[in-house]
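Read through the structure below, which is laid out as structure tokens, and then see the notes.
Only a predicted model underlies this, so the values are computations on that prediction, with no experimental measurement involved. In this chain, numbering begins with 1 at the start of the sequence shown. Just so it is clear, the values below take in all heavy atoms, side chains as well, and ignore hydrogens, waters and symmetry mates.
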Amino acid sequence: SNPDRLSFRNAFAVSGEGAVTLNELDRTEREAFLGRLAETPRDYVAVEQWQFSKTPVWTGDHVEPQKLTLRSFQLVTPEGIQVLPGALARVGLDDQVLSRSPVSGQMTLDCWVTSDSPVDQQTSLLNDSSSTVELRRGGDELPSRVAEHLYWLGRYAERAEDIARVMRTTLARITGEEKWDQLAEVRRLIRVLASMGQIEPGFAVDSFIANLPHVEQNLPSSVLDREQPRGLVRTMQAVMHNTIAARDRLSLEAFRIVQRAARDLTQPTIDGTHEGKDQVSIGEAIERVERLLVDLLALAGLTSESLVRTHAWQFLELGRRIERAEHTCELLIATVCPPTENIKPVCEAVLEITDSLMTYRSRYMNLVQLAPVIDLLVTDETNPRSLRFQLDRIASLMDRLPQVEGPVGLDVIQRIVMDLEYRVTTADPIALCETNEDGALEQLRTLLETLAENLPRLAEGISARYLVHTESRQFLTGT
């Protein structure tokens, strides 16, 4: 045979040594190697040089052609040698690298053969343009992973809005004409921010505040704190992550809104950085938070008007409603329930945070009292910000999701939803305003704590039923 068409390897080398190809040697090296080959032919194995085909390969930011080789696998059976339907595919740019060993190459993937006969390359799974299209309402099946991303997109988007609202209300009062440390509502709002993970937990304890930085210095910088796991920046990163993961279910405008909101929030500050942290004034912090709120409200409106009412929209809406209900419970427990001598400024701050101040004034003018505030935020079924509205919407969404066959009767999720909905529906806002001997709203606190305890259980039940991925594929069908 022609030795120029062969590659020679050391017969006793385990790995590490490359093959010798005669046409790559100069005259002196070629004669020396042929001499060693003639002297000890048993020391070499000759293999015909491979002619590699090419395949498109994604290299990170573009597609390029690379050379391909397949390493097949055979089994020795009583009937003879059986070739398995598949191979180990290896790609690379260098012939020598691919030829060096059965496992070399820049990338290695499994290759499966799924047919015993040639496949018709002209056959397409897409419908022919001339075929009759069957009208439908449900849309495509929704994989559980996509449902999970939409669910958490709704939760994180609502969480970012809640943080921004509390932050804006607190910063606005700190920059007011009155001394903020003498305002009853500011102390309570600071405790809310601490419980939400926006500032150090020590700010919620009066005895620790003296040893901590001033709130007016610490709070604005917390808006841009990238190290805070529950901070606004990290929350918007989670919004962006889930938006990208579910991008094929969202409009281009929705994606651009999220992208702009995350970019505008973290753009360089006017005051620069100090010790690795962004320095931002209260005014600039308020401006950034307000821009973020506008974008988040635009996202909420766009998803409400653009998504058809299939399971995709239902999971997005479900995440938003659960998150809003949890936040409203925590907000009212921290602000309204504790005893206070002057409840009016506290109620005004809570109404502002929940975007219900305009509705309250349209009904009661400037007469701020506790009972109508509790009615508006807890038991009013017409207020999109009330607890009653969230639970009614959650119950409606759960009724439209696929049900799992099981024993006759209500399952755990249905029992939780119906119990919470019943508690809020039958609650008397006047009775919820009654105080105990210490001046605390004990009945209201009991109701809110029950909701706050069971809403996470409801979320866990929904995740366990619809959003687990223990099966190879799980689809949610229907509308």
Listed by chain and number, what are the side chain to side chain contact (heavy atoms under 4.5 Å, CB included) partners of Ser251, not counting sequence neighbours? Glu253, Ala254, Leu302
Roughly how far, to the nearest 0.5 Å, is CG of Leu448 from OG1 of Thr328? 9.5 Å
Under 3.5 Å donor-acceptor, Ser396 side chain and Asp392 backbone: no
Test item: Thr354 side-chain N/O and Leu351 main-chain N/O as donor-acceptor pair under 3.5 Å: yes
So does Asp61 have more than 12 non-hydrogen atoms from other groups sitting under 6.0 Å from CG? yes
With sequence neighbours excluded, tell me which residues meet ring pair (Phe, Tyr, Trp, His ring centres under 6.0 Å) with Tyr151. none
Would you call Arg188 and Val336 a side-chain contact if the rule is heavy atoms closer than 4.5 Å? no
Can you tell me how far apart CG (Leu447) and CZ (Arg445) are? Round to the nearest 0.5 Å. 12.0 Å
For the CZ atom of Arg400 and the CZ atom of Arg309, what is their distance to the nearest 0.5 Å? 8.0 Å
Side chain to side chain contact (heavy atoms under 4.5 Å, CB included) evaluation trace for Phe315 with Leu401: CA-CA 9 Å; Phe315 277 101; Leu401 289 178; 3.7 Å; yes
So which atom in Cys433 and which in Ala371 form the shortest heavy-atom distance, rounded to 0.1 Å? SG-CA, 3.3 Å
With rounding to the nearest 0.5 Å, note down the distance linking OG1 in Thr235 to CE in Met196. 8.5 Å
Counting only heavy atoms from other residues, nucleotides and ligands, does the tally under 6.0 Å from CH2 of Trp58 exceed 12? yes
Evaluate the side chain to side chain contact (heavy atoms under 4.5 Å, CB included) criterion for residues His327 and Ile353: first the C-alpha distance (whole Å), next the side-chain angles of each, then the deciding distance (0.1 Å), finally the verdict. CA-CA 11 Å; His327 169 72; Ile353 291 171; 4.3 Å; yes
Before you tell me yes or no, could you show the steps for Asp295 and Arg291 under salt bridge (charged side-chain N to carboxylate O under 4.0 Å, His left out), namely the whole-Å CA-CA distance, both residues' side-chain angles and the distance that decides it to 0.1 Å? CA-CA 6 Å; Asp295 285 336; Arg291 285 204 307 265; over 6 Å; no
Might you work through the side chain to side chain contact (heavy atoms under 4.5 Å, CB included) test for Leu265 and Val233, ending with a clear yes or no? CA-CA 7 Å; Leu265 178 64; Val233 173; 4.2 Å; yes
Least distance between heavy atoms, Arg234 atom then Pro229 atom: CB-O, 3.6 Å
Could you tell me which non-hydrogen atom of Leu171 sits nearest to which non-hydrogen atom of Ala285, and how far apart they are? CD1-CB, 3.9 Å
Flag the pair Phe255 / Thr243 as yes when at least one side-chain heavy-atom distance between them is below 4.5 Å, and no otherwise. yes
Restricting to salt bridge (Lys or Arg N to Asp or Glu O under 4.0 Å), what partner residues turn up for Glu185, sequence neighbours left out? Arg173
Do Leu451 and Leu391 come within less than 4.5 Å of each other through their side chains, counting heavy atoms only? yes
Any Val350 side-chain heavy atom under 4.5 Å of Leu332 side chain: yes
In terms of heavy-atom contacts, Val346 and Thr335 come closest through CG1-O, 3.3 Å
Nearest atoms (heavy-atom pairs only) where His149 meets Ala246: CB-CB, 4.2 Å
Side chains of Leu370 and Cys347: does their closest heavy-atom pair fall under 4.5 Å? yes
Within the structure provided, determine whether Glu352 and Tyr360 are in side-chain contact (heavy-atom separation under 4.5 Å). no
Do Glu326 and Pro456 have side chains that get closer than 4.5 Å, going by heavy atoms? yes
In Å, rounded to the nearest 0.5 Å, how long is the span from CG of Leu299 to CZ of Arg256? 14.5 Å
For Arg385 and Arg324: C-alpha separation, side-chain torsions, deciding distance, then whether side chain to side chain contact (heavy atoms under 4.5 Å, CB included) applies. CA-CA 8 Å; Arg385 297 283 174 174; Arg324 183 175 295 179; 3.5 Å; yes
Any chance you could measure Gln237, atom CD, to Tyr156, atom OH, to the nearest 0.5 Å? 11.0 Å
So, do Leu420 and Leu387 sit near enough that their side-chain heavy atoms are less than 4.5 Å apart? no
Nearest heavy-atom approach of Glu161 to Leu296 is N-CD1, 3.5 Å
Heavy-atom count check: over 12 atoms from other residues, nucleotides or ligands less than 6.0 Å from Phe73 CZ? yes
For the side-chain hydrogen bond (donor to acceptor under 3.5 Å, both in side chains) test, which of Arg321, Arg320, Gln314 pairs with Glu317? Arg321
Could Arg159 and Glu330 be called an ion pair, given the rule that one side-chain N must be under 4.0 Å from one carboxylate O? no
